Amino acid sequence: MIVLGVESSCDETGLALYDTQRGLLSHALHSQVAMHEEYGGVVPELASRDHIRRAIPLLEQALAKAGIGAAEIDAIAYTQGPGLAGALLVGSAIACSLGMALDKPVLGVHHLEGHLLSPLLASEPPQFPFVALLVSGGHTQLMRVDGVGQYALLGETLDDAAGEAFDKSAKLLGLGYPGGPAISRLAEFGDPLAYKLPRPMLHSKDLMFSFSGLKTAVLTVVNNQGGAANVCEQDKANIARGFVDAIVDVLTAKCLSAMRQTGLKRLVIAGGVGANAQLRAALNAAAAAKRFKVYYPELEFCTDNGAMIAFAGAMRLQINPQAAQRDYAFNVRPRWPLDELRVI
Ligand code: KG4
Ligand code: ZN
């Protein structure tokens with residue numbers, strides 16, 4: 001079975017073809033980062049319009065790379081939520097129109113389920129069950145994953161998501177958008193002893209997170225120096241280092257608690273922040289010390305992409321072929337808790 005995946009929940013348009021026999025056939029991606037950069041963040045209306053422009057050329061690219069025709073697609077999976085309503089509507093409309101034109105069934109997929117299952121696309125995929133840390137721009141959650149569609153929420157953030165904290169703190173330091181990669185690179189040159197920033201909820205004994213205080217701590221340090229324009233490059237790097245060390249400490253400690261609580265031996269990291277080099281180094285060291293294994297998606301599948309949506313759709317259809325429908329009426333779910341998902 002060949003499944004076309006369509007991702008358009010935020011600022012990346014992704015189209016991909018996954019074959020349940022042969023694996024990922026191809027994927028094509030367009031990132032809108034350059035377009036949103038001058039505004040310092042995603043402009044939803046611009047995002048929607050760009051998805052409209054990009055989707056069909058990306059589909060053609062994905063089909064050409066896979067060497068197949070559109071008629072060979074068996075089903076179409078699209079991101080139904082959560083995400084920006086307008087952006088989701090574009091992907092849903094394109095997926096359902098294609099489904100109708102090609103007479104193929106369509107299936108709405110949860111964006112976070114895509115992230116959660118993305119490490120299974122790697123050459124050495126984890127077995128179920130595992131603990132998953134989902135760290136993206138909009139979410140920070142620890143989940144217990146027993147199989148496709150079997151997710152139990154262990155803990156989540158009370159306020160900002162980890163990626164959001166990266167982006168907002170980077171903005172406070174006058175770095176570009178998205179801030180995650182920029183602040184992470186700058187932190188490499190920072191002095192770890194210069195700023196000891198707070199580690200919110202590190203000792204809360206539960207698996208909840210809170211990052212808005214950390215962002216405020218960065219704001220206070222920057223304000224104390226009269227604003228980002230007055231902070232010299234070395235001090236910016238020192239603040240970046242203080243921020244990254246704090247967030248990595250909290251994420252690592254909570255992952256360790258989740259491994260202890262569940263008794264599981266596999267930890268999966270998913271979502272854009274999972275690309276972070278400092279987080280990966282800390283988790284690898286913790287895993288070696290505590291004798292569990294940590295799995296990451298391929299770097300290109302950490303941030304938003306169509307491959308994870310095609311894959312999640314294919315997994316769902318293998319379990320329940322009735323999950324895809326042919327009435328082509330669609331609705332989107334900009335807010336959609338992952339633990340509401342059930343396979344059948
Ligand atoms: O999963 P994703 O592409 O989109 C959402 O579903 O939100 O994640 C995007 C987030 C952004 O906040 C971005 O700054 C962060 O992931 N990110 C990183 C890195 N690469 C992306 N954060 C820290 N270090 C990175 N290397
Ligand atoms: Zn995402």
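Remember, it's 1-based here, ligands and their atoms both numbered in the order they're listed. Since the model is a prediction, treat every value here as computed from it, not as a measurement. In this chain, numbering begins with 1 at the start of the sequence shown.
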TODO: Scan side-chain atoms only and decide if H30 and T13 contain a donor-acceptor pair under the 3.5 Å cut-off.
DONE: no
Task: Smallest separation among heavy atoms of A246 and P198, with atom names - done: CB-O, 3.6 Å
Task: Top protein contact for atom 13 (C) of ligand 1, by heavy-atom distance - done: D167 OD1, 3.8 Å
- [ ] Give the atoms of ligand 1, by number and element, whose distance to some non-hydrogen atom of H111 is under 4.0 Å.
- [x] 6 (O)
Open item on the list: Assess whether a salt bridge exists between K168 and D160, defined as any Lys/Arg side-chain N lying under 4.0 Å from an Asp/Glu carboxylate O.
Closed with: yes
Open item on the list: Within ligand 1, which atoms have a heavy atom of A275 less than 4.0 Å away?
Closed with: 26 (N)
Open item on the list: As a check for students: among V273, T79, L299, identify the option with a heavy atom nearest to atom 15 (C) of ligand 1.
Closed with: V273
Open item on the list: Using a 3.5 Å distance criterion without hydrogens, assess whether the side chain of Y195 forms a donor-acceptor pair with backbone atoms of R241.
Closed with: no
- [ ] Do me a favour and list the nearest non-hydrogen protein atom to atom 17 (N) of ligand 1 with residue, atom name and distance?
- [x] G272 O, 3.6 Å
TODO: Looking only at non-hydrogen atoms, find the nearest pair between L207 and A258 and report the distance.
DONE: CD2-N, 3.7 Å
Task: Other residues, nucleotides, ligands: >12 heavy atoms within 6.0 Å of M1 CE - done: yes
Task: A307 versus F301, closest heavy-atom pair with distance - done: CB-CE2, 3.7 Å
Open item on the list: How far is atom 22 (N) of ligand 1 from the closest protein heavy atom, and which atom is that?
Closed with: G180 CA, 3.4 Å
- [ ] Grab the two heavy atoms, one from L107 and one from A323, that are nearest each other, plus how far apart they are.
- [x] CD1-O, 3.5 Å
Open item on the list: Counting only heavy atoms not in R49 (residues, nucleotides, ligands), do more than 12 fall under 6.0 Å from its CZ?
Closed with: no
Open item on the list: Any carboxylate oxygen within less than 4.0 angstrom of a Lys/Arg side-chain nitrogen, looking at D245 and R199?
Closed with: no
Task: Shortest non-hydrogen contact from Y177 toward E37 - done: O-CG, 3.8 Å
Task: Residue, atom name and distance, where the atom is the protein heavy atom closest to atom 2 (P) of ligand 1 - done: D304 OD1, 3.4 Å
Task: Those atoms of ligand 1 less than 4.0 Å from some heavy atom in G163 - done: 12 (O)
Task: Contact check, H139 vs ligand 1, heavy-atom distance below 4.0 Å - done: no
Task: Residue pair F130 / L264: nearest heavy atoms and the distance that separates them - done: C-CD1, 3.8 Å
- [ ] Within a distance under 4.0 Å of any heavy atom of T303, pick out the atoms of ligand 1 and give their elements.
- [x] 3 (O)
Task: Contact check, Q278 vs ligand 1, heavy-atom distance below 4.0 Å - done: no
TODO: To the nearest 10 degrees, calculate the angle at the Zn ion (ligand 2) involving NE2 of H111 and OD1 of D304.
DONE: 90°
Task: Distance filter under 4.0 Å to H115 heavy atoms, resulting ligand 1 atoms - done: 1 (O), 6 (O)
Open item on the list: Could you tell me, atom by atom, which parts of ligand 1 come under 4.0 Å of a heavy atom of G138?
Closed with: 7 (O)
- [ ] Could you tell me whether some N/O pair between F166 and ligand 1 is separated by less than 3.5 angstrom?
- [x] no
Task: Nitrogen or oxygen of N276 less than 3.5 angstrom from that of ligand 1 - done: yes
Open item on the list: Against ligand 1, does C10 come closer than 4.0 Å with any heavy atom?
Closed with: no
Task: Check: G137 N/O within less than 3.5 Å of ligand 1 N/O - done: yes
- [ ] Would you check if the Zn ion (ligand 2) lies under 2.8 Å from any N, O or S atom of H115?
- [x] yes
